[in-house]
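Reading through the structure tokens given below for one structure.
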Amino acid sequence: MGKSVVVIGGGIIGLCSAYYLKKEGCDVTIIDQSNMDGGASHVNAGYITPSHFVSLAAPGMITKGIKWMFNASSPLYVKPRLDLDFFKWALAFKKSATQSKVEKSISVIKDINLYSRDLYEDLRTSTDFEFHYERKGLLMCYKTDEVGEEEWHIGKRGIQEGLGVKNLTKQEVEAMQPDAAMDIKGAVYYDCDAHMTPNNFMVDMIGYLNSKGVKFAKNEQVKDIELSNNKITKVITENSIFTADEVVLAAGSWSPILSQKLGIKIPLQAGKGYRIDVERSTGITIPSILCEAKVAITPMDGFTRFAGTMEIAGINHDINPKRVNAISNAVQRYYSDITITSEEKEAAQCGLRPCSPDGLPYIGKSSKCDNLTIGTGHAMMGWSLGPATGKLISEIILNKEVSLNLEPFSPDRCF
Ligand SMILES: Cc1cc2nc3c(=O)[nH]c(=O)nc-3n(C[C@H](O)[C@H](O)[C@H](O)COP(=O)(O)OP(=O)(O)OC[C@H]3O[C@@H](n4cnc5c(N)ncnc54)[C@H](O)[C@@H]3O)c2cc1C
């Protein structure tokens, strides 16, 4: 029998870690405080995003954030609050949002995205399970020349990175997607992106892991972690005590609460996003981002998902109807033929993106604990980077040669 591993968190990162660890013969237990049927890994837009190679911490974001702070329906909302961790995170974000740091991270983000997309394609062709996966690219749709120029500037940077990017006219977009009339000027098209139906994949993956003997402790919240001689000796929930050779911390936005118990600081803030599902024909066949409104649209398996907003306001799952309306109004502005109904808006759900201040995830070990491997902080790319993170985590735990340079993702990095 291989190593025993406890994975804290059953989102996409925890499940993919369990998948690759199980493949290597480990005895795996996943602990999750929920029933594992909601949250970020279920409600996301399902994009696999090599196109998102520019970090969220980009120059100009601070100014936009301050401008949007006072507008309840803006795509980005940062709630001002007296919280030391939030201040430190905001300061680290500001320090990261420089042109030179963004440039440095472009190829790092692109490479891990491409690697992860390839791993999804391997999973799709494996006999382990079947799931919805399409590679139709992504349209970055714009209404104004100013935003079109900004997007094409990024697109040209993508071409330098070897990605397939084109600047399309409105007519060219209509030819690609004839049944969804759009009120736009044009779109920058990335042919490298793919999309999936996350909630279905999560169910399939849980079923597969179950069938292979991975143990699940659902509705069990990890309350404490005990450390002795730099090693975790106990993972404690309300009802049980778990022991294992190795522990993976993949608790999404909650990760810092747990790492703190080990004296490990992970700068992270929850970034809430919403989704509205529409289960009728919309004519939308290609994933799109409505650039000015920052709304993501995905044709999923049997329905269309409209997702958006980034609300940095602590850990809660409160639904703010103003933000749901903002998504729905944006859809109407870009697709005059699509009206989202009040029932569809009432069924909106939200999830928390675990946002690091520099836009890079934390993947690896902390020097403060020998048998803990951290996988969190993926922000807007957690769905995309699930397989790459899971694979890297299994390589770290099994002392194998790692597939990518882990230095940029170090949980010990300074901001
Ligand atoms: C609206 C929206 C759209 C998005 N669109 C995309 C997209 O198109 N592409 C993309 O790549 N990414 C997207 N994302 C981001 C992506 O969904 C997240 O980055 C990703 O789901 C994070 O996965 P995770 O496993 O780290 O965290 P989570 O999915 O949050 O999972 C963490 C788990 O840990 C559990 N947990 C926490 N604390 C404890 C504890 N103490 N004890 C036990 N269990 C605990 C939680 O219950 C949870 O199930 C989107 C997110 C949102 C909200």
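Nothing fancy with the numbering, it's 1 onward along the sequence. Atoms considered below: every heavy atom in the structure, side chains included; atoms not considered: hydrogens, waters and symmetry mates. When a ligand or atom number is given, it counts from 1 through the structure's own listing order.
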When only distance counts, is Trp383 in polar contact with ligand 1, meaning an N/O pair under 3.5 Å?
yes
For Ala379, atoms of ligand 1 separated by under 4.0 Å from a heavy atom
15 (C), 16 (C), 18 (C), 19 (O)
Distance filter under 4.0 Å to Ala40 heavy atoms, resulting ligand 1 atoms
17 (O), 21 (O)
Sidechain N-carboxylate O distance under 4.0 Å for Lys391, Glu24
no
In terms of ring plane angle, is the pair Phe86 and Trp89 parallel, tilted or perpendicular, where the classes change at 30° and 60°?
parallel
Please report which non-hydrogen protein atom sits nearest to atom 23 (O) of ligand 1, along with the residue it belongs to and the distance in Å to one decimal place.
Ser41 OG, 3.3 Å
Of all protein heavy atoms, the one nearest atom 31 (O) of ligand 1 is Gly11 CA, 3.4 Å
Does some non-hydrogen atom of Glu220 fall short of 4.0 Å from ligand 1?
yes
To the nearest 0.1 Å, how far is atom 4 (C) of ligand 1 from its closest protein heavy atom, and which atom is that?
Asn44 CB, 3.1 Å
Does only the side chain of Met36 get under 4.0 Å from ligand 1, or the backbone, or both, or neither? Count heavy atoms.
neither
Using heavy-atom distances only, which candidate in Asn35, Val7, Ile13, Asp37 approaches atom 26 (O) of ligand 1 most closely?
Ile13
Between Lys143 and Glu292, is a salt bridge (charged side-chain N to carboxylate O under 4.0 Å, His left out) present by the stated rule, with each step listed?
CA-CA 7 Å; Lys143 273 177 167 292; Glu292 288 85 359; over 6 Å; no
Describe, in one word, how the ring planes of Tyr208 and Tyr19 are oriented to each other, choosing from parallel (under 30°), tilted (30 to 60°) and perpendicular (over 60°).
tilted
So Tyr120 and Phe131, would you call those rings parallel, tilted or perpendicular, with 30° and 60° as cut-offs?
perpendicular
Numbering the atoms of ligand 1 from 1, which are under 4.0 Å from a heavy atom of Gly9?
33 (C), 34 (O), 35 (C)
Within-shell test, Pro354 vs ligand 1, heavy atom, strictly < 4.0 Å
yes
Can you find an N/O atom of Gly382 closer than 3.5 Å to an N/O atom of ligand 1?
yes
Taking heavy atoms and a distance under 4.0 Å, where does Leu258 meet ligand 1: side chain, backbone, both or neither?
side chain
Can we say Asp32 and Lys218 salt-bridge, meaning some charged N sits less than 4.0 Å from an Asp/Glu carboxylate O?
no
Nearest-neighbour protein heavy atom for atom 52 (C) of ligand 1, which is reported as residue plus atom name and distance:
Arg353 NE, 3.7 Å
Specify the protein heavy atom at minimum distance from atom 10 (C) of ligand 1: its residue, its atom name, and the distance to 0.1 Å.
Met380 O, 3.1 Å
Flag side-chain contact, heavy atom, 4.5 Å: Asp128 against Asp204:
no
Looking only at protein heavy atoms, which one is nearest to atom 9 (N) of ligand 1, and what is the separation?
Tyr47 O, 3.0 Å
Any side-chain donor near an acceptor of the partner, Thr49 and Ser384, under 3.5 Å
yes
N-O pairing of Lys215 and Asp27 below 4.0 Å:
yes
Lys272 versus Asn316, side-chain donor and acceptor atoms under 3.5 Å
yes
How would you list, by chain and number, every residue that makes a ring-ring contact (aromatic ring centres under 6.0 Å, His included) with Tyr142, sequence neighbours excluded?
none
Taking the basic N atoms (NZ, or NE/NH1/NH2) and the acidic carboxylate oxygens, is any pair closer than 4.0 Å for Lys166 and Glu172?
no
Hey, is Trp254 touching ligand 1 through its side chain, its backbone, both or neither, going by heavy atoms under 4.0 Å?
side chain
Contact atoms of ligand 1, heavy-atom distance to Gly46 under 4.0 Å
7 (C), 8 (O)
Distance filter under 4.0 Å to Ala250 heavy atoms, resulting ligand 1 atoms:
32 (C), 34 (O)
Is there any N or O on Thr49 that sits under 3.5 Å from an N or O of ligand 1?
no
NZ (Lys94) with more than 12 external heavy atoms under 6.0 Å
no
Worked check of side chain to side chain donor-acceptor pair (under 3.5 Å) between Glu395 and Ser403
CA-CA 8 Å; Glu395 289 167 348; Ser403 303; 2.6 Å; yes
Atom 44 (N) of ligand 1 has as its nearest protein heavy atom Gln33 N, 3.0 Å
Atom 33 (C) of ligand 1: closest protein heavy atom, distance to 0.1 Å, is Asp32 OD2, 3.5 Å
Can a non-hydrogen atom of Arg275 be found less than 4.0 Å from any atom of ligand 1?
no
Using heavy-atom distances only, which candidate in Gly375, Ala307, Gly351 approaches atom 53 (C) of ligand 1 most closely?
Gly351
